[in-house]
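Just so we're clear, the structure is a prediction, and the values are computed from it rather than from any experiment.
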Amino acid sequence: MSRTTAPASVDREDDAATPSEGLSHGLKQRHLSMIALGGVIGAGLFVGSGAGIAAAGPSIVIAYALSGVLVMLVMRMLGEMSAANPASGSFSVHAERAFGSWAGFTSGWAFWFLLCVAVGLEGIGAAKIMTGWFPGSPEWAWVALFMVVFCATNLAAVKNFGEFEFWFAALKVGAIVLFLGIGVLAIAGVLPGTDAPGTANLTGDGGFFPHGSEGLIVGLLASVFAYGGLETVTIAAAESEHPVQGVAKAVRTAMWRIALFYVGSMAVIVTLVPWGDAAVVEKGPYVATLDHLGIPAAGQIMNVVVLVALLSAMNANIYGASRMAGSLVARGQGPRALGRLSGGVPRAAVLVSSVFGFGCVLLSYWRPDDIFIWLLNTIGAIILVVWFFIAASQLVLRRRTEREAPERLVVRMWAFPVLTWVALAGMATIFVLMAREEGTRVQLYWTGALTLLLAAVGLVRQKAAAGRTD
């Protein structure tokens, strides 16, 4: 092992900083900026946040603020490492450089599995909306159609993916900005047909913490997983025209905007709508708020936005999974066939990464009632495992980069290493809270089992590789 802890094979790749060599570079800065914003704005915010509001009440604002701070720290760390060494394998490459090939193998394939399963989940969610619009149409047929479209999109040049994501993300961002604008006008009492609610919904019906600390914890757990998706921008940066400048700018601009969108949305919702309103969960908090304000066709408007959010996530997750798989294979950590490029695109990796989605076509046909919950449990807390690897890797690589190539530190983590340790402590706390809650405990078990299995395989592979070089 050379340098500090990284294997020699990784160091050679590290010096070149080109684990994405051979890939197209068709993404522009506008693509990266929108991928950074749109990648995290999905159904988890538009629909899933309703369960968090029902559990935490108005204190959901604090829950989203706390988890938002954690995500901002993680993205700052990832931005620092990705600007210093842009790679399509993103945090997997950084983990490998920091701790050895087993860490890159574990974090990379865990994330690949997360994205592949998420593609199926999003396809099922989008199909449910379509069957609502077209009663009698089979859900599995819609899943199949979406999978064919986005698999084909990702088999084409990367600029096609970038254009799809740019316009998808623009619609989602526009919807949230419009929602926030309407909400602020309603809170101020200047929206026609509405009166200023004051603090009645924030302090009434049990107060700001209606279910105490337990409710806040449930809301916190729900909010953490709603932020997943930002990592894709550091994967995409490796295929941009100017990777270093691109990822640095995208990370800087995205963090505060996303915090504003998430925390601002929650503040508007709980100020305008009683948190105990059943419609917040049944219809989703955004639809419930617009209905409360008497906005015509609010439900259908938000259904269109949620559909776009789901399709956008499908597109982005197929892309991210294929690039992660391609990067892992390029580093000798997967079947070589997956790494073959055609026209600058890892088409074999795209096809394999789409298998889970196509599998969900069959699963949604055979088990339409319970497959969604089962798939959700299998991916559980993988995003937290990924964030843990990011923070731990940054602790090691920051010192190494300061010593060997300080000019690469285009983006710097704030108050290093104090805030890195704060982030790690925050993640450890969330793991403990998940173990305490019955609803999230099973997800923690699934994620723990998968992580340990991948780590064991990765260690065996690393030792075998070391034995061959001796």
Side-chain angles (χ1 to χ4, degrees), residues 34 37-65 67-68 71 121-122 125-126 128-130 132-133 167-188 191-194 196-197 201-202 218-219 222-229 257-314:
M34 275 301 180
L37 286 172
V40 73
I41 300 172
L45 174 63
F46 289 121
V47 180
S49 55
I53 293 172
S59 67
I60 192 68
V61 177
I62 294 178
Y64 268 87
S67 55
V71 172
L121 283 170
E122 287 139 4
K128 289 184 184 298
I129 294 176
M130 297 304 295
W133 289 339
W167 293 109
F168 277 153
L171 193 151
K172 291 188 289 185
V173 170
I176 290 186
V177 170
L178 181 60
F179 176 83
L180 289 174
I182 292 172
V184 169
L185 291 177
I187 291 172
L191 188 71
T194 63
N201 293 324
L202 297 176
V218 175
S223 65
V224 165
F225 300 109
Y227 279 105
R257 291 178 183 174
I258 288 169
L260 173 64
F261 290 161
Y262 271 67
V263 179
S265 291
M266 293 302 106
V268 165
I269 290 165
V270 296
T271 301
L272 291 174
V273 182
W275 66 268
D277 189 336
V280 171
V281 175
E282 293 171 1
K283 297 182 178 180
Y286 287 77
V287 173
T289 303
L290 294 176
D291 278 344
H292 183 77
L293 296 176
I295 306 296
Q300 292 306 321
I301 293 171
M302 286 311 302
N303 270 339
V304 172
V305 175
V306 172
L307 178 64
V308 169
L310 289 165
L311 297 180
S312 168
M314 287 183 73

Quiz item: Quick check: does any side chain N or O of Ser312 sit under 3.5 Å from a backbone N or O of Val308, one acting as donor and the other as acceptor?
Solution: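 No; judged by distance alone, with no hydrogens or angles, the pair does not exist.
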Self-check item: Polar side-chain atom of Asn201 near backbone of Val270 as donor-acceptor pair, under 3.5 Å
Solution: no
Spacing of [atom1] belonging to [X] relative to [atom2] belonging to [Y], to within rounding of 0.5 Å:
X      : Y      : atom1 : atom2 : answer
Leu272 : Asp277 : CG    : CG    : 12.0 Å
Ile295 : Ile301 : CD1   : CD1   : 8.0 Å
Ile129 : Leu307 : CD1   : CG    : 5.0 Å
Gln300 : Leu290 : CD    : CG    : 12.5 Å
Leu310 : Lys172 : CG    : NZ    : 9.0 Å
Ser67  : Ile62  : OG    : CD1   : 11.5 Å

Nearest atoms (heavy-atom pairs only) where [X] meets [Y]:
X      : Y      : result
Gly52  : Ala222 : CA-CB, 4.2 Å
Ala56  : Gly219 : CB-CA, 4.2 Å
Ala186 : Pro197 : O-CD, 3.7 Å
Leu311 : Ala126 : CD2-CB, 4.1 Å
Ala196 : Ala188 : CB-C, 4.1 Å
Ala55  : Val218 : CB-CG1, 3.5 Å

Practice problem: Let me know which of Leu180, Ile182, Ile176 forms a side-chain contact (heavy atoms from CB on, under 4.5 Å) with Leu178. | Solution: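 When side-chain contact (heavy atoms from CB on, under 4.5 Å) is applied between Leu178 and each of Leu180, Ile182, Ile176, only Ile182 qualifies.
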Begin from the C-alpha positions of Asn303 and Trp133 and carry the test side-chain contact (heavy atoms from CB on, under 4.5 Å) through to its verdict. CA-CA 10 Å; Asn303 270 339; Trp133 289 339; 3.7 Å; yes
*May I have all residue pairs that pass ring-ring contact (aromatic ring centres under 6.0 Å, His included) and include part of residues 271-291, sequence neighbours excluded?*
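Listed once each, the pairs are Phe46-Tyr286, Phe179-Tyr286, His211-Trp275.
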request  = Using the side-chain contact (heavy atoms from CB on, under 4.5 Å) rule, take Val263 and Met266 through it: C-alpha gap first, then chi angles, then the decisive distance, then the call.
outcome  = CA-CA 5 Å; Val263 179; Met266 293 302 106; 5.9 Å; no
- Item | Audit row: Ser265, Tyr64, side-chain contact (heavy atoms from CB on, under 4.5 Å) steps and yes/no | CA-CA 10 Å; Ser265 291; Tyr64 268 87; over 6 Å; no
Check: For atom CH2 of Trp167, is the number of surrounding heavy atoms from other residues, nucleotides or ligands below 6.0 Å larger than 12?
Finding: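 Result for CH2/Trp167: open.
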